[in-house]
Amino acid sequence: HYKSKHFKPSHHQQYHSGSNPVSSRGLSTRRELYERDFPVYKQPVEVGSFSLDSRRRFFNDARQLRYYVEPDKEPNFDLRDGYKDRFIKRDDSVKEKLDHILRWILANRSKLSSKSAENKSCALDVDFVTWRGHLTKLLTTPYEAREGWLLAVTRFRDTLYISEVETEAARRERENRTGRHEEMMYWGYKFEQYTCADTVHSSPDPGGVVNTNEAFCTVVQTRLADHRLLFSGEVDCRDKDPNAPGPPACYIELKTSAEICTPKQRSNFHRFKLLKWWAQSFLPGVPRVVAGFRDHDGVVVSVETFPISKISHLIKNEQNCWKPTVCMNFCCDFLSFVKQTVTEDDPSVVYLFSYEPHRDVTYSLHRDSQYSFLPQWYMEEITR
Ligand code: 0WD
Ligand code: CA
């Protein structure tokens, strides 16, 4: 589905004449409105990467990138091991907003802005800057019946910056997690430790400490229809074969999921989990997800690879299933809606876009509010 030029429709066209998704209420999230040709989505290109260390310090390099070591097909990894005594958890009440990406932009400006007659001020040559995770939420919105979202948008020197704001519901959920839920959040990171090595030639160290402050993030550039995007996403590891293709094609996304025992569980896995997995990895062009299926006690009983390009075929037999084209067209229309709406070019102005399940996307405008998110250091440095 990546396009370098134009896309030849492989499935039937379904235009809905006269049904503009934007109304006075906002942007519709009804799936039917987005069932048209797959939009142009250019092959994402990695333009850089950065690392966050065990103390969440930023480095403009790939020091935290790890190497995937293929586990046994039936591995018996105990994901509960180390939760009590070898776990350092990132403080998720600290909101970092776009700060790490902005640091990366300042350190790599020459890659992003062309000094030309039309671009005297040396503005960024992109329309949108955001986290991959925010775009994933947009892609899955037409199918999201449980969780709403809030996205703050600021136009600054003609680039639109999108940064998530935690909803009241999400904050309540974060502050009231059960002990079981807290522990299960650790399982995903523990699985990474069982399957990732620090260097090409070393082995995973399941006896080490899991520290969720550490991260390796890729920065990619691409285009969705006429929207030029720059976003960053956390990458779990890469293929350790030196002959593997270059990034992002060598990257691997790791997941854990409850083992599938019944047809109902299989159907739910296809309809809900694969949607999230597909959206998250398709965006940056990460070609595969390696899934560890675990039992109720957190023991990984099997490991399976899901090529992202095969996921849309896997789900085709599912009734009432999600469609990649709906996801991409909704995201595209949302970005057009944002471009149209966010007209004031001012870092102290935030347009807050809001989604509640089964409702249209609406927005409100805020001046000099708690929602402003572009830091002084960024605006000063970029305007120099
Ligand atoms: O709201 C967000 N998603 C923000 C994320 C706001 C500001 C900063 N960040 C940071 C995260 O802490 C992380 O370093 O950005 C990085 C991830 O960004 P992303 O790739 O755009 O996020 P997403 O695709 O949602 O998540 C990728 C991975 C997750 O892997 P799984 O397999 O669970 O999807 O990033 C990790 C997690 O491993 N991650 C986080 N780690 C700690 N705290 C968090 C978080 N809040 N969110 C994602
Ligand atoms: Ca992961």
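Just so you know, ligand 1 is whichever comes first in the structure, and atom 1 is the first atom listed for that ligand. Below, all heavy atoms of this structure are taken into account, side chains as well, without hydrogens, waters or symmetry copies.
The closest heavy-atom contact to atom 11 (C) of ligand 1, among the options R56, E96, K89, comes from R56. Closest heavy-atom approach to atom 40 (C) of ligand 1 within the set F216, F191, W277, Y189: this belongs to Y189.
By the 4.0 Å N-to-carboxylate-O rule, D198 lies too far from R66 to be salt-bridged with it. With salt bridges taken as basic N to acidic carboxylate O contacts below 4.0 Å, one links D239 and R288. Remark: R174 engages E166 in a salt bridge, criterion side-chain N to carboxylate O under 4.0 Å.
Within ligand 1, counting atoms from 1 as listed, the ones closer than 4.0 Å to a heavy atom of G233 are 20 (O). Close approach of ligand 1 to S232 is summarised as follows: ligand atoms under 4.0 Å from at least one heavy atom of the residue are 21 (O). The ligand atoms of ligand 1 that sit less than 4.0 angstrom from a heavy atom of K255 are 31 (P), 32 (O), 34 (O).
E253 contributes atom OE2 as its closest N/O/S atom to the Ca ion (ligand 2).
Taking every heavy atom of both residues into account, A62 and S49 meet most closely at CB-OG, 4.0 Å.
Looking only at heavy atoms of the protein, atom 19 (P) of ligand 1 is closest to G133 N, 3.8 Å. What sits closest to atom 18 (O) of ligand 1 on the protein, heavy atoms only, is W131 CE3, 3.4 Å. In terms of protein heavy atoms, atom 29 (C) of ligand 1 is closest to Q280 NE2, 4.6 Å. The nearest heavy-atom contact from the protein to atom 46 (N) of ligand 1 is R90 NH2, 3.1 Å. From the protein, the heavy atom lying nearest to atom 24 (O) of ligand 1 is R132 NE, 2.8 Å.
By the criterion of a heavy-atom distance under 4.0 Å, the side chain of E164, and not its backbone, is placed next to ligand 1. Only the backbone of L254 comes within contact range of ligand 1, with a heavy atom under 4.0 Å; no side-chain atom does.
Within the cation-pi definition used here (under 6.0 Å to the ring centroid, within 45° of the axis), K276 does not qualify as a partner of F272.
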Under the criterion side chain to side chain donor-acceptor pair (under 3.5 Å), I'd like the reasoning laid out for E253 against S281: C-alpha separation, chi angles, the key distance, then a yes or no.
CA-CA 7 Å; E253 172 65 35; S281 289; 4.7 Å; no

Would you sort out whether Y186 and F87 count as a ring-ring contact (aromatic ring centres under 6.0 Å, His included), showing the intermediate values?
CA-CA 8 Å; Y186 166 79; F87 178 31; 4.7 Å; yes

Would Y68 and Y251 satisfy side chain to side chain donor-acceptor pair (under 3.5 Å), going step by step from the backbone distance to the final call?
CA-CA 9 Å; Y68 178 66; Y251 292 150; over 6 Å; no

Under the ring-ring contact (aromatic ring centres under 6.0 Å, His included) criterion, do Y143 and W322 qualify, and how do the steps go?
CA-CA 7 Å; Y143 301 103; W322 56 276; 7.2 Å; no

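Distance check on atom 48 (C) of ligand 1: every protein heavy atom falls at or beyond the 4.0 Å cut-off. Within the 4.0 angstrom cut-off, atom 36 (C) of ligand 1 has one or more protein heavy-atom neighbours. In this structure, atom 7 (C) of ligand 1 is in close contact with the protein, since a protein heavy atom lies within 4.0 Å of it.
Under 3.5 Å, the side chains of Q43 and T222 contain no donor-acceptor pair of N or O atoms. There is no side-chain donor-acceptor pair under 3.5 Å between E74 and S302.
At a 3.5 angstrom cut-off on N or O pairs, E234 counts as close to ligand 1. Considering backbone and side-chain atoms alike, E253 places an N or O below 3.5 Å from some N or O of ligand 1. Note: no N/O pair closer than 3.5 Å links T136 and ligand 1 by distance alone.
Screening K97, K137, R132 for a salt bridge (charged side-chain N to carboxylate O under 4.0 Å, His left out) with E164, the sole residue that qualifies is K137.
Coordination check, E234 versus the Ca ion (ligand 2): failed, since every N/O/S atom of the residue sits at 3.0 Å or beyond.
A distance of 8.0 Å separates CG of L102 from CZ of F373, quoted to the nearest 0.5 Å.
In this structure, H134 counts as a contact residue of ligand 1, since one of its heavy atoms falls inside 4.0 Å of the ligand.
The angle that L254 O and D236 OD2 make at the Ca ion (ligand 2), rounded to 10°, works out to 90°.
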